[in-house]
Amino acid sequence: MAQTSQNKKDLAQARTKTSFDITDMTNYLYGGAANVEQRRYIIDLIAREPIFNKDDWCWLNHTDAVKRGIAMSTRLAEIKMEHELNDLDFATMVEAIDDTLPILLHNGAFIPVINSQGSDEQIEKWIPLAEKYQIIGCYAQTELGHGSNLSQLETTATFIQETDEWEINSTTFTAAKWWIGGLGAICTHAVVQAKLIIAGKDYGAHVFVVPIRSLDDHKPFPGIQVGDIGPKAYGGFNKMENGFARFNQYRIPRENMLMRFSKVSRDGVYTKPPHSKLSYGSMVLLRSVLIRQMALYLSRATTISTRYLTVRRQFNNPTSRNDIDINPALETQVINYPMVQNRLFPMIAQSYALFAAGSVMMEMYIGLMTGLSSGNIDTLAEVHAMSSALKSYCTTIAAAGAEECRKLMGGHGYSYFTGLAHMFASIVPSNTYEGDNYVLTQQMARYLLKEVKTARTTPDKVTPYSKYLLLALNRDSFAHSRCSVTKAEDWLNPDVQLEVFEHRCARLAFELSDAVDAAGGMEKTIWSDHNMECFRISHAHAQYVMVLWFIQSVRDARNPEMDEERRASPEAITILERLSNLHALHTIQTNLADFTEDAYFSPSQCQSLRAQVKALVASIADQAVGLVDAFDHPDFLLASALGASDGDAYQRLWDKAQTEPLNCREVCDGYEEYIRPLLKKHGELKL
Ligand SMILES: Cc1cc2nc3c(=O)[nH]c(=O)nc-3n(C[C@H](O)[C@H](O)[C@H](O)COP(=O)(O)OP(=O)(O)OC[C@H]3O[C@@H](n4cnc5c(N)ncnc54)[C@H](O)[C@@H]3O)c2cc1C
């Protein structure tokens with residue numbers, strides 16, 4: 001009992017060291033007090049519904065979990081309608097539920113794809129039905145044989161002029177749609193990517209609204225074989241019935257092809273879209289949403305880890321931050337070990353940077369869609385490349401971060417009851433879906449190669465985020481340019497930090513461009529040979545914009561002319577500046593080879609950089625608990641015995657273990673069958 005109350009005391013004591021107002025910081029993160037209030041209201045709405053209780057999740061098998069997922073999905077839909085909630089509120093409900101439900105792709109992909117690729121009449125027909133959940137949809141692109149390579153999808157939609165219909169076929173086994181969230185059980189309709197064929201001519205993949213199950217009895221329509229693909233890695237996505245489907249001469253009306261951009265007339269005349277990438281809008285949306293999701297995930301993981309490591313004590317080693325003056329008889333709080341701090345605190349900084357990146361990426365998406373609605377495609381290529389690069393980078397660091405948070409918590413970190421195991425299983429496939437994180441980096445690389453060309457021919461036309469390319473136009477002087485840091489404090493200058501990232505991006509982009517040129521240009525080069533370089537430049541660019549956006553966000557927070565929702569108090573800004581510095585410098589430190597291989601950094605600069613990172617980590621030690629409290633994740637959302645807000649980690653872990661069904665019996669199942677025969681194999685034993 002004494003130990004338990006010590007846990008609570010430790011966390012409460014750590015909170016007293018916070019030098020800024022938590023509410024103020026929370027408002028900064030979520031863009032104002034009104035957003036914070038609304039988020040709390042929505043999370044509370046979910047927390048009060050018994051169907052969303054998380055206590056028995058770990059005991060459910062896949063079949064029971066899918067049934068629960070369906071029940072949760074339908075209740076989610078009802079709440080959305082009852083309270084007339086918008087998309088943002090829906091996203092918050094999903095955040096609060098904290099599981100991937102069968103219905104998610106209905107709101108997350110089915111509706112957005114119809115809205116962005118459907119004609120006005122099609123939107124008018126399908127969207128009201130979808131919004132009232134009279135139909136439930138999913139998004140079926142991936143096949144057994146192909147996912148990344150959209151051009152090789154095998155499902156066909158052949159125009160039958162006599163009946164004015166499409167005939168959908170997946171004749172080969174590998175053409176089966178596979179992995180489709182919502183297809184396994186719940187959906188009535190799917191937007192299906194299929195190769196459009198007219199009079200034997202293949203016009204490539206297009207999108208069709210395909211009825212899957214009867215609206216009367218939910219039976220699959222004749223000509224469709226549909227089902228669930230089975231359990232997934234790490235027990236993740238187990239309430240989601242990712243499904244398969246095969247189509248056999250299945251007919252749908254011609255007007256079920258989404259025709260905002262490409263069209264097919266009654267007499268079978270195909271009109272191509274005015275721009276080949278106009279359909280990218282919904283992909284950009286999904287990837288942009290993921291960045292904010294990663295902010296929420298990593299901030300939760302660091303919350304749990306920070307709180308537990310504050311109450312966990314191990315050894316009685318002196319550290320420069322021992323609380324020995326307060327508790328001379330106790331062991332050291334593990335959060336006081338610099339090794340722990342240097343693993344954990346950069347991830348807190350990363351979480352803050354992800355919040356900033358999520359907001360800017362969403363603004364870019366909204367800007368893109370506003371432009372597209374008036375026929376302006378100027379930003380399409382850049383926003384598409386940016387969302388791809390950031391999706392790849394942000395999901396990578398969030399998944400790696402969640403796992404690092406688990407390891408930080410030692411043995412107990414491996415318990416399901418940390419709340420991290422379920423979270424990790426949910427985050428980790430984000431590295432694969434919505435575009436494999438490695439394949440995706442080719443988008444940014446291709447975009448930058450075009451920008452290099454523009455920089456060479458019409459330098460005033462490079463976009464603001466690619467302006468760094470101009471640094472390297474004079475290759476000779478660029479090759480001799482060196483980092484301007486002369487003293488340790490220079491590292492804390494945001495302009496110097498940006499200069500450093502810009503130099504690295506410019507070098508990597510020009511090196512890739514040189515390699516392609518040396519091979520005879522894009523047409524002749526073996527593109528796959530450049531995969532590694534694509535990955536490097538794409539992640540380098542993503543890191544650059546993340547650093548830039550966090551710096552800008554902190555500058556906005558300090559700017560008296562900025563909207564109130566974006567501003568923060570001077571005390572909060574002091575800490576935000578430290579976090580922004582830590583994020584930038586730690587990112588450099590993690591990728592040091594990229595800055596040294598062209599001698600841009602000197603050995604002494606590397607040393608002073610490391611010293612600054614260490615100093616910055618130490619400088620936020622007193623703030624760590626306050627910084628994670630500011631993420632404002634309630635206990636219902638964390639669902640963690642070790643990371644709850646009161647710090648009562650041991651008591652909660654003990655209580656949770658008592659709920660294990662094995663503990664209901666004094667003698668375990670299997671004793672008579674297996675254990676007893678082994679123990680008695682050589683006769684009775686009396687000791
Ligand atoms: C949990 C989950 C949910 C999903 N939900 C849906 C859904 O609702 N709807 C849907 O349509 N799809 C869905 N998917 C499918 C998903 O979008 C694809 O699996 C994903 O895009 C990756 O494609 P792939 O499977 O073809 O991978 P592959 O391309 O086969 O990748 C295999 C490996 O090859 C590498 N590779 C492939 N091409 C290249 C290249 N050109 N250069 C270098 N390396 C390469 C990859 O990096 C990877 O390591 C889901 C997947 C998962 C895991």
Side-chain angles (χ1 to χ4, degrees), residues 62 65-66 69 73 99-113 136-155 170 174-187 189-194 205-208 210 212 226 228-245 279 282-283 285-287 289-290 293 388 391-392 395-396 399 422-446 525-536 538-539:
H62 181 53
V66 167
S73 293
D99 213 342
T100 318
L101 299 182
I103 208 156
L104 292 193
L105 273 301
H106 173 80
N107 288 83
F110 184 73
I111 291 180
V113 168
I136 300 173
C138 63
Y139 178 72
Q141 176 173 309
T142 307
E143 295 174 357
L144 191 53
H146 291 94
S148 304
N149 188 1
L150 188 56
S151 69
Q152 289 304 309
L153 292 184
E154 294 174 73
T155 304
S170 28
T174 47
K177 291 294 172 190
W178 202 266
W179 272 114
I180 314 306
L183 183 62
I186 200 172
C187 86
H189 288 67
V191 280
V192 172
Q193 287 268 9
H206 285 70
V207 184
F208 301 82
V210 179
I212 301 288
V226 63
D228 183 298
I229 66 166
K232 281 137 278 187
Y234 309 118
F237 271 54
N238 74 339
K239 294 186 194 65
M240 169 74 102
E241 21 63 292
N242 291 84
F244 62 78
S279 57
S282 42
M283 268 194 290
L285 171 64
L286 291 174
R287 288 174 191 159
V289 166
L290 271 174
Q293 256 182 27
S388 304
K391 183 271 175 185
S392 171
T395 57
T396 300
H422 172 77
M423 186 197 303
F424 178 73
S426 303
I427 306 179
V428 91
S430 69
N431 285 212
T432 303
Y433 62 63
E434 278 317 311
D436 170 89
N437 274 2
Y438 294 86
V439 178
L440 215 46
T441 58
Q442 295 176 34
Q443 307 289 350
M444 178 50 87
R446 281 182 200 276
T525 196
I526 300 172
W527 181 241
S528 307
D529 285 349
H530 306 297
N531 279 176
M532 301 294 289
E533 290 74 20
C534 291
F535 183 87
R536 276 179 82 193
S538 180
H539 275 213

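Atoms within a ligand are numbered from 1 in the order they appear, just like the ligands themselves. Computed from heavy atoms alone, side chains included, the values below leave out hydrogens, waters and symmetry copies.
Heavy atoms only, all atoms of each residue included: Ser430 and Thr395 are closest at OG-CB, 3.5 Å.
Applying the side chain to side chain contact (heavy atoms under 4.5 Å, CB included) rule to Asn531 yields the partners Gln442, Ser528; only residues at least two apart in sequence or on another chain are considered. In this structure, Thr432 has no side chain to side chain contact (heavy atoms under 4.5 Å, CB included) partners at least two apart in sequence or on a different chain. Under the ring-ring contact (aromatic ring centres under 6.0 Å, His included) criterion, His106 pairs with Phe110, Tyr133, sequence neighbours left out.
Side-chain atoms of Ser148 and Asp436 include no donor-acceptor pair closer than 3.5 Å.
Annotation: Tyr438, atom OH; neighbour count of heavy atoms from other residues, nucleotides and ligands within 6.0 Å does not exceed 12.
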Can you list every pair where an N/O of ligand 1 is under 3.5 Å from an N/O on the protein?
from     : atom 1 : to     : atom 2 : distance (Å)
ligand 1 : 5 (N)  : Trp179 : O      : 3.1
ligand 1 : 8 (O)  : Gly181 : N      : 3.0
ligand 1 : 9 (N)  : Tyr139 : O      : 2.9
ligand 1 : 11 (O) : Gln141 : N      : 2.8
ligand 1 : 11 (O) : Thr142 : N      : 2.8
ligand 1 : 11 (O) : Thr142 : OG1    : 3.2
ligand 1 : 12 (N) : Thr142 : OG1    : 2.6
ligand 1 : 23 (O) : Ser148 : N      : 3.4
ligand 1 : 23 (O) : Ser148 : OG     : 3.2
ligand 1 : 26 (O) : Gly147 : N      : 3.0
ligand 1 : 26 (O) : Ser148 : N      : 3.0
ligand 1 : 29 (O) : Ser148 : OG     : 2.5
ligand 1 : 42 (N) : Gln442 : NE2    : 3.4
ligand 1 : 42 (N) : Asn531 : OD1    : 2.9
ligand 1 : 47 (O) : Asp436 : OD1    : 3.4
ligand 1 : 47 (O) : Asp436 : OD2    : 2.7

